[in-house]
**Student:** 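Before I ask anything, here is the structure I am working with.
Computed over heavy atoms, backbone and side chain alike; hydrogens, waters and symmetry mates excluded. In the text below, chain A, chain B and the rest are named by the order of the sequence lines, each starting its count at 1. Since the model is a prediction, treat every value here as computed from it, not as a measurement.
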There are 2 protein chains.
Amino acid sequence: MTWTTDGAKEGRREIKRRQTRERIEEAAMSLFLERGFDATTIEDIAERAEVSKRSFFDYFPSKEEVVFAWQDGFADHLMAAIASRPADEPAVKAVQHGLVGAIVSAADERAMALGELIRRTPTLKARDQLKYAKLELKLTEALKARSRSDEERLRVRLLAAVVIGALRAGGELWNEQPPGTSLETFAHQFFGDFWKTLADFGNEGQGR
Amino acid sequence: MTWTTDGAKEGRREIKRRQTRERIEEAAMSLFLERGFDATTIEDIAERAEVSKRSFFDYFPSKEEVVFAWQDGFADHLMAAIASRPADEPAVKAVQHGLVGAIVSAADERAMALGELIRRTPTLKARDQLKYAKLELKLTEALKARSRSDEERLRVRLLAAVVIGALRAGGELWNEQPPGTSLETFAHQFFGDFWKTLADFGNEGQGR
DNA sequence: TAAAATCTTGCACTCGGTGCAAATATCTCT
DNA sequence: AGAGATATTTGCACCGAGTGCAAGATTTTA
């Protein structure tokens, strides 16, 4: 009997299971990046991962999930990042710093390739939008946990909506940036503009 | 040979084609609302519309498209509504009024049922998110057409992102509203809060 | 009315995804 | 170590979405 560092039991069974899962993920990703998402069949993946087609579905409910399971960690990471900001920091700033932190630490080689894949695959692009919706939901939760007053609900929801909007617009803008630009610098600059613009919109929207 | 009011030729061929398309749409929608989206097969639809399964795909590229083809008009309607606002109106206000107008005139019985259907069908919910992305794109275009200065690009993009965010949050909120509430009243009130909140966010985001 | 253009259909096929039951591997307990 | 419980993997048969193609029906044009 084997024990992991955190004291949980992990027999041969779960070891193999984890390895198989990783093998499938690896096989799928490499195939997607090689030939594209649509041109890769589940049997291709199963073959490379040395499992049966049927077993693929024991690990992932669909082809798309292989792509997005990977990304799901981001949302949790973001929530944690926000929760760890000082309690007296205004919500707006906590989101900004939490978000920038989470993005910077998530933006590696692999993530970029994945982004490219998603961007050029219509099916995935549609599904990708759902990610933002989920993120908005989680963000709302994370913010609610921070705010003491209960009637701030609408504000919190709007903040989440607006910030996710910024994330999308900012992401697009980032993709148009010349390569070699520092993501961190860009993000800070972007948020600077963003808050300023938001204030303008707010003021124009009210009587002026 | 028959002529439509706008002077375009319309022979028996396009008449029938239009009718067939309408029949399919009608059949699909009624079945979706009766038994749900997933429980309806394309053959069910084809049968009720009295065409072959194969012909269904001559009219719609997928089952989902039947649902969303209907909604696509909204985006164009919105663009037109914004374009028709007075040129000296600030962009922010033009969007608000264009949007509220477009929403109010699109919110009929059918649209509500459709919204319900989408909300309770995961597949459609995912696809529905894409609608917002498209809307944001079109909105950006519509706004660019209004702005003279060229360096306003970022502002315009952000405005679109933020407004679509508001649309989503507002839509959710609206669905939580007690029935019988006036959509128009709600929309105006919502935007009132919205701009104010935006200004707050903007100010907090900058040094304060 | 004949030929050209277009529309509809049936058919065979691919792929994603599911249910089920048999076979295989792992774990537990003695 | 070995028997029996438990979990995993697999093959197989199946369904529904969606496509390509070619033959047949309909409409248009001349």
**Student:** To the nearest Å, how far apart are A:R23 CZ and D:dT9 C1'?
**Tutor:** 12 Å
**Student:** For the pair made of CD in A:E43 and C1' in C:dC13, what is the distance, rounded to whole Å?
**Tutor:** 14 Å
**Student:** Atom CZ of A:R18 and atom P of D:dA7: how far apart are they, to the nearest Å?
**Tutor:** 20 Å
**Student:** At 4.0 Å (heavy atoms only), tell me whether B:T40 reaches a base, stays on the sugar-phosphate, or touches nothing.
**Tutor:** sugar-phosphate
**Student:** Any donor-acceptor pair under 3.5 Å linking the side-chain atoms of A:S30 with those of A:R48?
**Tutor:** yes
**Student:** Got a donor-acceptor pair under 3.5 Å from the side chain of B:R54 to the base of D:dG20?
**Tutor:** yes
**Student:** Using only heavy-atom distances, decide whether a donor-acceptor pair under 3.5 angstrom links the side-chain of B:K53 to the base of D:dG18.
**Tutor:** yes
**Student:** Which of these nucleotides, C:dT6, C:dG17, D:dG16, is closest to any side-chain atom of A:K63?
**Tutor:** C:dG17
**Student:** Below 4.0 angstrom from OP1 or OP2 of D:dG16, is there any side-chain N or O of B:T41?
**Tutor:** no
**Student:** Got a salt bridge between B:E152 and B:K144, using NZ or NE/NH1/NH2 to carboxylate O under 4.0 Å?
**Tutor:** no
**Student:** Hey, which sits more toward the 5' end of DNA chain D by its nearest nucleotide, B:F56 or A:V51?
**Tutor:** A:V51
**Student:** Within this structure, what is the CD1-to-C1' distance between B:I15 and D:dT28, rounded to whole angstrom?
**Tutor:** 13 Å
**Student:** From CG of B:D44 over to P of D:dC15, roughly how many Å is that when rounded to an integer?
**Tutor:** 14 Å
**Student:** Establish whether the base of D:dT8 is bridged to the side chain of A:R17 by a donor-acceptor pair shorter than 3.5 Å.
**Tutor:** no
**Student:** Output the single nucleotide from D:dT26, D:dG18, D:dT9 whose closest atom is nearest the side chain of B:R13.
**Tutor:** D:dT26
**Student:** Rounded to whole Å, please give me the gap between CD in A:E64 and P in C:dC15.
**Tutor:** 17 Å
**Student:** Heavy atoms from C-beta onward define the side chain here; which of D:dT9, C:dT8, C:dA5 lies closest to that of B:D58?
**Tutor:** C:dT8
**Student:** Please give, in whole Å, the distance from D:dT8 P to A:F57 CZ?
**Tutor:** 18 Å
**Student:** When you check the phosphate oxygens OP1 and OP2 of C:dT8, does a side-chain N or O of B:S55 lie under 4.0 Å from one of them?
**Tutor:** no
**Student:** Salt bridge or not for B:E89 and B:K93, using N-O below 4.0 Å?
**Tutor:** no
**Student:** Is there a donor in the side chain of A:Q96 and an acceptor in the side chain of A:H188, or the other way round, less than 3.5 Å apart?
**Tutor:** no
**Student:** If I take atom CD1 in residue B:I45 and atom C1' in nucleotide D:dA17, what distance separates them, rounded to the nearest angstrom?
**Tutor:** 11 Å
**Student:** Map A:D38 and B:Y59 onto DNA chain C by nearest heavy atom, then report which one ends up closer to the 5' terminus.
**Tutor:** B:Y59
**Student:** I'd like to know if B:R157 and A:E172 make a salt bridge, using a cut-off of under 4.0 Å between side-chain N and carboxylate O.
**Tutor:** yes
**Student:** Nearest to the side chain of B:S62, heavy atoms from C-beta on, is which of D:dG18, D:dT27, C:dT9?
**Tutor:** D:dG18
